[in-house]
Every structure is written in structure tokens, then in C-alpha cells.
There are 2 protein chains.
Amino acid sequence: MSGTRPYSGLIERLKNAGLRPTRQRLALSRLLFEGEGAPDRHVTAEQLHGEALGNGIRVSLATIYNTLNQFTRAGLLREVVVEPGRSYFDTNVDDHHHFFFEGSGRLMDIPGESVQLQQVPAAPAGAKVRRVDVIIRLEEEE
Amino acid sequence: MSGTRPYSGLIERLKNAGLRPTRQRLALSRLLFEGEGAPDRHVTAEQLHGEALGNGIRVSLATIYNTLNQFTRAGLLREVVVEPGRSYFDTNVDDHHHFFFEGSGRLMDIPGESVQLQQVPAAPAGAKVRRVDVIIRLEEEE
DNA sequence: ATACTTGCAAATCGTTTGCAATACC
DNA sequence: GGTATTGCAAACGATTTGCAAGTAT
């Protein structure tokens, strides 16, 4: 299942982000950015941990958390808050919004152009808009 | 500070929601729906607890949590998720969106009409839209 | 009287942290 | 070699839960 160029540009990518390309960071990058479902992945720490273990990658959950946070700070990931008490990380860092399936807890990108705010209200004085999140919460029918 | 009609329609409101109007539920309703800042309040459990204690209302934090959840289920409150690890409850149950001040963790309503989605993408097959949340994240300038 | 609520303390969940061992440059 | 990173286990903060005691109808 491993390709011929196992680490393509991932090492560079990590270095550019100011992160040492360690074994675990590389392996996780691979899952996140080149794995099944990339480039539009939405993972929780637990999920990624399970996936790593399933692929024979030995990483502690603490490292998963640390890595996800570092990647987020470095701009490689984006954190999405939809549920109290659980964080999702999105491999798509561009401007876009989300569908959230309430039943299964699954998150899905909405292509950037298909939601358009007609008018974003002016930010209150002394504040500036850092980001606009649109979450369309879905109920799954049987 | 207590008015002449201390419980106005709150008892009815609770009864209609299928909740017994107990001492603590009434007191909390009063803070939430008739207190300072009503009818547009955004509280965390901790905040409401502190406020209750400050007003001489003896309630346990567990009861605050249970009450907020019951009120939410009953449609008297709406839960807003903006930060990982902290839940806000909104006394405004109508359709509307929020400004979120990242520095202070303060939440503010945006009047319903001033944000308009130009086109809400169709829900994926087998799912229907339950709610659309728009959160405008603000950075406070100095 | 009966069923529902409350408070407390303990339990749980997701996440973070301290620190000794280990890997990277 | 020196610094950054990892893993483990303990610590944490927010929230939930079990159960005995109290309260509403």
C-alpha cells in the first residue's frame, strides 16, 4: 500500500512549518494529507490515533494531540468546533464551510463558493473579523 | 431589586415545558429570562452558577447543568458551540447568528436579518437541514 | 403518597502537562 | 552534544451520574 515516493514533499512541508520531521509527525502527515479521503479530511484525535495504530504506527494519544495542535498553529490544519467536548481538525485550510451530520458526528466540506453571505454585518467597533464559520447542521433521515 | 410580580409568567412557562416549577428552576428562569441583559443572554454553566450564588440563590453546579440541559431540550434555551470545551446557552431561541469575541470569550447576537445566506447548498441526499449556524469570529484590537 | 428534583461526591470524557527516555541535527 | 520530541502517567477542566434526602402535586 506504500507508494514509491513515500514521503514526497512532506518533509519539506514540515520543515517549512518549523517542525522537525520526526517519525510520528511524518507518519501522521501521510495519513492526513495523503491518506484515504485526503485532501478533505476531518478527524478527531481519537480517530487519528485509531487509524495510526491500525496502520502499524506506534504513537501515543498525547502525541496525537500535540501534533494536531502544532499542525494547526503552523497552518497545516484548521480546527472546527461543532460539538461540545470534541474537536475536529480539517485538512482543508482554505476558506470554506461545513455540513455536520448530527447523528453520526460526520463533518463534510461545502465547496467555498456554494455558500455566500449576502452581507456580513460590520464588526463592532474595536474588533475585526478573523473568520466566518458557517455550519449547516443536518438530520439524517431513515 | 425584586419586582412586584416576582414570577410573572415563568411558572406557566415551566409548566408548559413539562417541568415542575421548583424553587431553583424558577430562580434560574428569572435570572435567565428577566435578569440583567435579558432577553439576549449567553451564559455558561459556571457563569450562571456564580450569578445565582451572588444573588443569594443556593443551587449546586450539577443542578445548573441539569437545568440548562432540560431548558434546552424544552426549547427555552439554545446551545451555542463556539469553543472546544465550553458550552454557551442562549436565551434567544429565534433564528439568528453570533459574533464571538475570541479574546474575551464573549458572545453577541447578530440580528436575524442582517446576515443572509445567498444560497444554502442543498442538503446531501437522505439528510435535511436542521439548523444553520453562522459564527463571525472577532479579534479585539487594542 | 408518589414521583420528580436536588445536592453532593464520585465518575467520566476529552484534552493537557511534567518529566525521564529517546530521536533528530 | 545539545535541543526538540516522545510516551507514559498523572493532572485537569468541564460535564454527567448514582444515590440518599428533600419537595411538588
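As the structure is a computational prediction, the values presented were derived from the model and not from experiment. Proteins get letters first, then strands, A, B, ... in listed order; numbering begins at 1 in each.
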Next item on the list: Could you name each residue pair satisfying salt bridge (charged side-chain N to carboxylate O under 4.0 Å, His left out) that touches residues 46-55 of chain A, not counting sequence neighbours?
Entry: A:Arg41-A:Glu51
Next item on the list: Taking atom types as modelled, find out whether A:Gln24 and A:Thr67 have a side-chain donor-acceptor pair closer than 3.5 angstrom.
Entry: no
Next item on the list: Please write out which residues are connected to B:Leu107 in a hydrophobic cluster, directly or through intermediates, given that two of Ile, Leu, Val, Met, Phe, Trp, Tyr count as joined at side-chain heavy-atom separations below 4.5 angstrom.
Entry: B:Val80, B:Val82, B:Tyr88, B:Phe100, B:Ile135
Margin query: With no hydrogens and no angle check, just 3.5 Å: does a side-chain donor-acceptor pair link A:Asp109 and A:His42?
Written below: yes
Next item on the list: Could you check how far CZ of A:Arg25 sits from P of D:dA4, rounded to whole Å?
Entry: 11 Å
Item checked: Rounded interatomic separation in angstrom, taking CD from A:Gln70 and C1' from C:dT15 -> 14 Å
Check: Where does the angle between the aromatic ring planes of B:His96 and B:His98 fall among parallel (under 30°), tilted (30 to 60°) and perpendicular (over 60°)?
Finding: perpendicular
Notebook entry, point to check: Between A:Gln24 (CD) and C:dA21 (C1'), how many Å, whole number?
Noted result: 13 Å
Next item on the list: Starting at atom CG of A:Leu48, determine the distance to atom C1' of C:dT15, rounded to an integer number of angstrom.
Entry: 15 Å
Note to self: Does A:Arg78 form a side chain to side chain contact (heavy atoms under 4.5 Å, CB included) with A:Arg131? I'd like the steps, not just the answer.
What the structure shows: CA-CA 11 Å; A:Arg78 191 178 189 283; A:Arg131 174 169 138 187; 3.2 Å; yes
Next item on the list: Could I get the full list of side chain to side chain contact (heavy atoms under 4.5 Å, CB included) partners for B:Val129, not counting sequence neighbours?
Entry: A:Ile136, A:Leu138, B:Ala123, B:Val132
Item checked: Annotated protein contacts, base or backbone, on nucleotides 11-25 of chain D with a non-hydrogen cut-off under 4.0 Å, one of B, S, - each -> ---SBBB------BS
Check: If only atom types and distance count, is the side chain of A:Thr91 paired as donor or acceptor with the main-chain N or O of A:Pro39 below 3.5 Å?
Finding: yes
Item checked: Partner residues of B:Arg86 under the salt bridge (charged side-chain N to carboxylate O under 4.0 Å, His left out) criterion, sequence neighbours left out -> B:Glu83
Note to self: From CD1 of A:Ile64 over to P of D:dG7, roughly how many Å is that when rounded to an integer?
What the structure shows: 9 Å
Next item on the list: Measure from CG on B:Leu14 to C1' on C:dT5 and round the result to the nearest Å.
Entry: 13 Å
Next item on the list: Starting from C1' on C:dT5, measure out to CZ on B:Arg73 and report it in whole angstrom.
Entry: 14 Å
Margin query: Between the opening five pairs and the closing five pairs of the helix from C:dA1-D:dT25 to C:dC25-D:dG1, how far apart are the helix axes, to 10°?
Written below: 30°
Notebook entry, point to check: Please give, in whole Å, the distance from C:dT16 P to B:Glu83 CD?
Noted result: 13 Å
Margin query: Which nucleotide wins on minimum distance to the side chain of A:Val59, given the candidates C:dC8, D:dG7, C:dT5?
Written below: D:dG7
